Visitor: 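Questions regarding the structure given below will be posed in turn.
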2 protein chains.
Amino acid sequence: MQSYTEENYLKIIYHLSEISHPVQTNAIAERIHTKAASVTDMIKKLSEKELVNYVKYQGVTLTEKGKLTAINIVRKHRLWEVFLVDKLNFKWDEVHDVAEELEHIQSNLLIERLDEFLHFPSVDPHGDPIPDKHGNFVELAFVKLSKLNSGDNGTITGVSEHSSSFLKHLEKLGLTLGKRIEIIEVLEFDGSVELLVEQQKTNISREVAKHILITKN
Amino acid sequence: MQSYTEENYLKIIYHLSEISHPVQTNAIAERIHTKAASVTDMIKKLSEKELVNYVKYQGVTLTEKGKLTAINIVRKHRLWEVFLVDKLNFKWDEVHDVAEELEHIQSNLLIERLDEFLHFPSVDPHGDPIPDKHGNFVELAFVKLSKLNSGDNGTITGVSEHSSSFLKHLEKLGLTLGKRIEIIEVLEFDGSVELLVEQQKTNISREVAKHILITKN
DNA sequence: TTCATTATTTAGACAAATCTAAAAATTTTA
DNA sequence: TAAAATTTTTAGATTTGTCTAAATAATGAA
Ligand SMILES: [Mn+2]
Ligand SMILES: [Mn+2]
Ligand SMILES: [Mn+2]
Ligand SMILES: [Mn+2]
């Protein structure tokens, strides 16, 4: 079994693996709010336990065992987020911090029963896929809203930024999961996007558009 | 805020306070599976934080602040146990260990919403009272089954032993919360009790009878 | 390709929570 | 009430995860 801290490292390494291979020490340090020296220490420990492959000065990659562990934590995180939103009426911007704690509860029975109670959801409140108990899940074919052109339309199916301020902003504009949108115009000047949601015209910055994930129709 | 470990000490001290005032070092050590020396260290720390009153060689008592903190942890523990039984179909002997972890999740919103979701239960799956958000609760007027005499009858409303083996044993005999019982005879020889549950005659040892709590009618 | 910059690791220290062994205080027994 | 037994505390060490400062390796610019 891994400690709370080890689990957090594995999860962060898993997420960072989608961006760079291998994962750099500094990248981990930044995400986990710690110093590079501490990361090196922990990486050595995880390597000792055969959860990561570590090459000095190069970085780390997860071993199969480490990856399965990480995916299981992600599974728990996302299932708890669904629980909080669906059953306890949390808003999508309120769930992340609590899920960061709940994801470390150790009980297979608990998580399998929770999954069942929630009717085996396939995505979490932010549109992220929920791995099944074997670690399998389907990556949805997203495209960033910032890549669309005028006339394009689609459905909001995810966000790539989970901060409360960002999510609250989207909520206010009515840009929530499942909403259909149509691009009116992409301003050449600053890349901001004018779009239509439920007969309502809205304008969002390029920065915001980058973090909204669309499934085209 | 207190650490996970500090919370556990406070909770144990709270429970032991019902038995002895002040609470002895060794009693805590035994319950928390640690050594007396470690307990002394932690007690000093809790005293420093004004969560307990500590007199060297005498023992500890909780301060008002410490007591409120402890009651809040008990509240969370019991609410989670209700959740596990009522919503996730756990058996009453399966919930304790998971609740030991869940009770440390830090989120007032979570626990208030959970309370609401469970329709503000007043007792947990073992018949123990659940404090409200202000720390108030009613102690039920229990009597140990071992104190009853032949001819007495009442309802099982609690247990004072939470081990899985004990609870499974009761389950097997049909001696669960809410069941009405009638004492047929208390054997003089060994104090074992012959009783009637749902037209069924059963015999339990004095040791078992001691841990079944009855509300008389 | 050499020097400067950046990234990473090592060395040594620290706080939290624990332990063992020994000392000190309290309680029990005789 | 004095010795014996028990309980509690102290002293010093250990483990986990972190830090700062210094050393080392890798990368990028001239
Ligand atoms: Mn999240
Ligand atoms: Mn999420
Ligand atoms: Mn319990
Ligand atoms: Mn209980």
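Numbers restart at 1 for each chain; the letters A, B, ... are given by sequence-line order, proteins then strands. Bear in mind that the values here come from a model prediction, so they are computed numbers and not experimental data. No hydrogens, no waters, no symmetry mates; every other heavy atom, side chains included, goes into these values.
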Visitor: Identify, with sequence neighbours excluded, every residue that meets side-chain contact (heavy atoms from CB on, under 4.5 Å) alongside Asn53(B).
Guide: Thr61(B), Thr63(B)
Visitor: What residues, two or more places apart in sequence or in another chain, satisfy side chain to side chain donor-acceptor pair (under 3.5 Å) together with Gln58(B)?
Guide: none
Visitor: In whole angstroms, how far is the P atom of dT10(C) from the CE atom of Met42(A)?
Guide: 16 Å
Visitor: Taking only side-chain N and O atoms of Asn26(A), does any of them lie within less than 4.0 angstrom of OP1 or OP2 on dT8(C)?
Guide: yes
Visitor: If only side-chain N and O atoms of Thr34(B) are considered, is one of them under 4.0 Å from the OP1 or OP2 phosphate oxygen of dC19(C)?
Guide: yes
Visitor: Answer yes or no: is there an ion pair linking Asp152(B) with Lys147(B), defined by an N-O contact shorter than 4.0 Å?
Guide: no
Visitor: Sort me out a list of protein N/O and nucleotides 1-6 of chain D N/O pairs below 3.5 Å, or just none if empty.
Guide:
none

Visitor: Can you tell me if Gln24(B) touches the phosphate of dT8(D), counting only side-chain N or O atoms and a distance under 4.0 Å to OP1 or OP2?
Guide: yes
Visitor: Could you tabulate the donor-acceptor pairs under 3.5 Å formed by side-chain atoms of residues 22-31 of chain A, not counting sequence neighbours?
Guide:
none

Visitor: For Asp41(B) and dA11(D), what is the distance between atoms CG and C1' respectively, to the nearest whole Å?
Guide: 10 Å
Visitor: Counting any heavy atom closer than 4.0 Å, what does Tyr9(B) reach on the DNA or RNA strands: base, sugar-phosphate only, or nothing?
Guide: sugar-phosphate
Visitor: So among Val208(B), Ile204(B), Ile156(B), which one has a side chain to side chain contact (heavy atoms under 4.5 Å, CB included) with Leu170(B)?
Guide: Val208(B)
Visitor: Taking only the side-chain nitrogens and oxygens of Lys44(A), find out if one of them lies under 4.0 Å from OP1 or OP2 of dT9(C).
Guide: no
Visitor: Checking Glu194(B) now: which residues fulfil salt bridge (charged side-chain N to carboxylate O under 4.0 Å, His left out) with it, not counting sequence neighbours?
Guide: none
Visitor: Can a side chain N or O of Lys56(A) be found less than 4.0 Å away from OP1 or OP2 on dT8(C)?
Guide: no
Visitor: Could you give all pairs that pass the ring-ring contact (aromatic ring centres under 6.0 Å, His included) test and reach residues 84-110 of chain A, with sequence neighbours left out?
Guide: Tyr4(A)-His104(A), His77(A)-His96(A)
Visitor: What is the distance, to the nearest angstrom, from the NZ atom on Lys35(B) to the P atom on dG12(D)?
Guide: 21 Å
Visitor: Rounding to an integer number of Å, can you tell me how far His33(B) NE2 sits from dC19(C) C1'?
Guide: 16 Å
Visitor: Across the strands shown, which category fits Tyr4(A) at heavy-atom distances under 4.0 angstrom: base, sugar-phosphate, nothing?
Guide: nothing
Visitor: For dT9(C) and Thr25(A) - does any side-chain N or O of the residue sit under 4.0 Å from the phosphate oxygens OP1/OP2?
Guide: yes
Visitor: Please classify the nucleic acid contact of Thr40(A) as base, sugar-phosphate, or nothing, using heavy-atom distances under 4.0 Å.
Guide: base
Visitor: Take atom CD of Gln2(A) and atom P of dT16(D), then tell me their distance rounded to the nearest Å.
Guide: 14 Å
Visitor: With respect to the phosphate group of dT8(D), does any side-chain polar atom (N or O) of Tyr54(B) fall under 4.0 Å of OP1 or OP2?
Guide: no
Visitor: Quick check: on DNA chain D, is the nucleotide nearest Glu6(A) upstream (toward 5') of the one nearest Ala37(A), or the reverse? Name the residue that is more 5'.
Guide: Glu6(A)
Visitor: Inspect the contact between Glu112(B) and Arg75(B) and indicate whether a charged nitrogen and a carboxylate oxygen are less than 4.0 angstrom apart.
Guide: yes
Visitor: Closest-nucleotide mapping onto DNA chain D: is Gln58(A) or Ala36(A) further toward the 5' terminus? I mean the 5' end.
Guide: Ala36(A)
Visitor: Tell me what Ser38(B) touches on the nucleic acid: a base, only sugar-phosphate, or nothing, going by heavy atoms under 4.0 Å.
Guide: base
Visitor: In whole Å, what is the span from the CD atom of Glu48(B) to the P atom of dA16(C)?
Guide: 11 Å
